[in-house]
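When a residue number appears, it is its place in the shown sequence, counting from 1. Atom set for the values below is all heavy atoms of this structure, side chains included, hydrogens, waters and symmetry mates excluded.
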Amino acid sequence: MQKPVVVISGGGTGIGAAAARRFAAEGARVVLLGRRREPLDAVAEELGGLALPCDTSDREQTEAALARVVADFGRVDAVVANAGGHGLGTVAETSDEAWDVSFRTNVSTAFVLARAALPALTASRGSIVVVSSLAGLFAGPGVAGYTVGKHALLGLTRSLARDYGRSGVRVNAVCPGWVRTPMADEEMDDFARQAGLASREEGYAIVSKDVPLGRPADPDEIAAAIRFLASPDASYITGATLVVDGGAHIVDLPTTALA
């Protein structure tokens, strides 16, 4: 039986690397896309996968990468659209340039990759998992570009699911809360400095204090959700948003003072 082929953007670190390890452990061939060659190569060497450095917001680079995958392996069975970036600042603080960068890194990366992969996914009746965020459902302070971008990913997920379901392509989204990734570690380091905290861990403890499970996620926990949505076990699930946040989204904020 031919091994499934899974393409993962932002595959060199964090959730993308964890997803690659999960798929590889279950016998898939993993193809890692991302802008930085060094982390991609490290994960690919570890897993026996293929690293293809590219910016998935760029049509030519992305189409070339997908053509390489099909040429080498003959198929694509799943795509994990995980690449993303920051979008810091309120609306008034966000310049035109910063807005464009945030939209490109958080939305165009998924749009361009999905569009390039659709012919191969239609042929295999495959699936796409879009990695959004809890910020795709709610607004955090001072992250307008990030919040709008992550909301837009849910619209992209639903549009793809609606238009390509009859072609056998399933498309779902995952919305993680706080996850211990390099990007989140940087945010916690900044938070700790600004708040006069002793450590990154103290920062994570503060942002998790009202989360029912009381902690941030490990990247492997998000990878498990991604793997489920891409698997045959989710064969009748499409257009869905799976929130993986330790229960944060169920908390009624006006009652936290009463706890």
Side-chain angles (χ1 to χ4, degrees), residues 6-11 14-16 19 31 33-35 54-63 65-66 69 76-87 94 98-140 143-177 179 183 222-223 225-230 234 236-245 249:
V6 182
V7 177
I8 303 171
S9 67
I15 293 170
V31 180
L33 309 182
R35 290 177 293 176
C54 76
D55 178 352
T56 55
S57 70
D58 182 278
R59 180 182 61 81
E60 291 185 358
Q61 292 183 39
T62 305
E63 289 179 353
L66 266 294
V69 175
V76 176
D77 296 281
V79 166
V80 180
N82 169 69
H86 284 298
T94 302
W99 174 258
D100 289 344
V101 170
S102 179
F103 200 84
R104 186 175 72 249
T105 56
N106 288 298
V107 184
S108 296
T109 47
F111 170 80
V112 173
L113 177 58
R115 185 178 60 188
L118 277 169
L121 291 172
T122 299
S124 68
R125 301 181 73 82
S127 71
I128 302 172
V129 180
V130 176
V131 180
S132 179
S133 167
L134 198 58
L137 300 170
F138 307 103
V143 285
Y146 187 79
T147 298
V148 173
K150 296 305 184 183
H151 274 67
L153 287 176
L154 301 186
L156 176 63
T157 298
R158 293 163 185 159
S159 184
L160 286 165
R162 180 69 180 85
D163 289 338
Y164 295 96
R166 294 299 175 91
S167 299
V169 179
R170 296 186 303 106
V171 188
N172 295 288
V174 171
C175 285
V179 186
M183 189 169 84
I222 312 304
I226 292 169
R227 174 67 184 101
F228 164 69
L229 288 175
Y236 200 59
I237 300 175
T238 195
T241 299
L242 179 57
V243 182
V244 191
D245 68 346
H249 72 288

Is there a donor-acceptor pair under 3.5 Å between the side chain of [X] and the backbone N or O of [Y]?
{"X": "Ser9", "Y": "Asn82", "answer": "yes"}
{"X": "Ser127", "Y": "Ala78", "answer": "no"}
{"X": "Arg59", "Y": "Ala116", "answer": "no"}
{"X": "Ser124", "Y": "Val76", "answer": "yes"}
{"X": "Ser132", "Y": "Leu154", "answer": "no"}
{"X": "Asn106", "Y": "Gly84", "answer": "no"}
{"X": "Gln61", "Y": "Cys54", "answer": "no"}

Given side chains that start at C-beta, do those of [X] and [Y] come closer than 4.5 Å, heavy atoms only?
{"X": "Thr238", "Y": "Tyr164", "result": "no"}
{"X": "Val112", "Y": "Arg115", "result": "yes"}
{"X": "Arg35", "Y": "Thr105", "result": "yes"}
{"X": "Val174", "Y": "Ile222", "result": "yes"}

Shortest non-hydrogen contact from [X] toward [Y]:
{"X": "Thr62", "Y": "Thr56", "result": "OG1-CA, 3.1 Å"}
{"X": "Leu153", "Y": "Ala110", "result": "CD2-CB, 3.6 Å"}
{"X": "Ala240", "Y": "Asn172", "result": "N-OD1, 2.9 Å"}
{"X": "Ile15", "Y": "Pro176", "result": "CD1-CG, 4.2 Å"}

